[in-house]
*Asks:* 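One structure is given below, represented as structure tokens, and several questions about it will come after.
No hydrogens, no waters, no symmetry mates; every other heavy atom, side chains included, goes into these values.
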Amino acid sequence: MVRQGLEELKKQQERTQEVIYHDERVEAVKKLTLTDDASDRGGKAYADETAGDFMRTAFGNRADVDFKELNQALKESGIKPLAEPLAQQKIERAAKVLAKNYAQDQTSMAVAEYLQNPKRPIAQRLKVANNIIAARRPHAKPIFNSKKQTKER
């Protein structure tokens, strides 16, 4: 009888054990409270259900759940998909790159306003931010085939 109690306790601890996800976006949203969408399908299991609770129910102890897979499962369950957690950080980083590395003319000011405009869809603003960040990455240095090639120049 005591042995059965200990086995049940171990199983309960395994179920409640914290899962650390490989996708940093999933890790960032696991404490957010979920909200039902307007569809008639399913919905939240209980009032204060978090994304972490949902993932334990839907995926078990899988640590390889990615953000896209999580959002797809939420949609299928009648729960609103989660917003990209790192999007605002990327947008702010792009605004800093824009201010630091580009001439401050009307175009760059219009782009900065576009990035900060909450009326614009986050996906479009994120796409612009990614393009700004990607354009400012340093390019690879040329590689020479031999030492002779460098000495001759």
*Asks:* Can you name the closest pair of heavy atoms from Glu49 and Phe54 and give their distance?
*Replies:* OE2-CA, 3.6 Å
*Asks:* Report, as yes or no, whether the 6.0 Å neighbourhood of atom CZ on Arg120 holds more than 12 heavy atoms from other residues, nucleotides or ligands.
*Replies:* no
*Asks:* Is there a path from Val128 to Met109 through hydrophobic residues (I, L, V, M, F, W, Y) whose side chains come within less than 4.5 Å of each other?
*Replies:* no
*Asks:* Working to the nearest 0.5 angstrom, can you tell me the gap between Ile132 CD1 and Arg93 CZ?
*Replies:* 11.5 Å
*Asks:* Got a sec, which pairs hit side chain to side chain donor-acceptor pair (under 3.5 Å) with one end in residues 102-112, sequence neighbours left out?
*Replies:* Asp105-Ser108
*Asks:* Quick one: CG on Leu70 to NZ on Lys75, what's the gap to the nearest 0.5 Å?
*Replies:* 11.0 Å
*Asks:* Output the distance between atom CD1 (Ile133) and atom NZ (Lys96), rounded to the nearest 0.5 Å.
*Replies:* 11.0 Å
*Asks:* Could you tell me the separation between the CG atom of Leu32 and the OG1 atom of Thr50, rounded to the nearest 0.5 Å?
*Replies:* 8.5 Å
*Asks:* Give the minimum heavy-atom separation between Phe67 and Leu82, together with the two atoms involved.
*Replies:* CZ-O, 3.6 Å
*Asks:* What is the minimum heavy-atom distance between Ile79 and Leu34, and which atoms define it?
*Replies:* CG2-CB, 3.8 Å
*Asks:* If the condition is side chain to side chain contact (heavy atoms under 4.5 Å, CB included), which residues does Ala129 pass it with, not counting sequence neighbours?
*Replies:* Ile91, Ala94, Leu115
*Asks:* When rounded to the nearest 0.5 angstrom, what is the spacing between CZ in Arg56 and CG in Asn61?
*Replies:* 9.0 Å
*Asks:* Give a yes or no on whether Val29 and Phe59 share a hydrophobic cluster (residues Ile, Leu, Val, Met, Phe, Trp, Tyr; joining criterion: side-chain heavy atoms under 4.5 Å apart).
*Replies:* yes
*Asks:* Check Gln116 against Ala95 and note the closest heavy-atom contact, atom names and distance.
*Replies:* NE2-CB, 3.8 Å
*Asks:* Which distance, rounded to the nearest 0.5 Å, do you find between the CD of Gln88 and the CD of Glu92?
*Replies:* 5.0 Å
*Asks:* Search all heavy atoms of Asp36 against all heavy atoms of Lys44 and return the closest pair with its distance.
*Replies:* OD1-N, 2.7 Å
*Asks:* Do you know which two heavy atoms are closest between Glu69 and Asp64, and how far apart they sit?
*Replies:* OE1-O, 4.3 Å
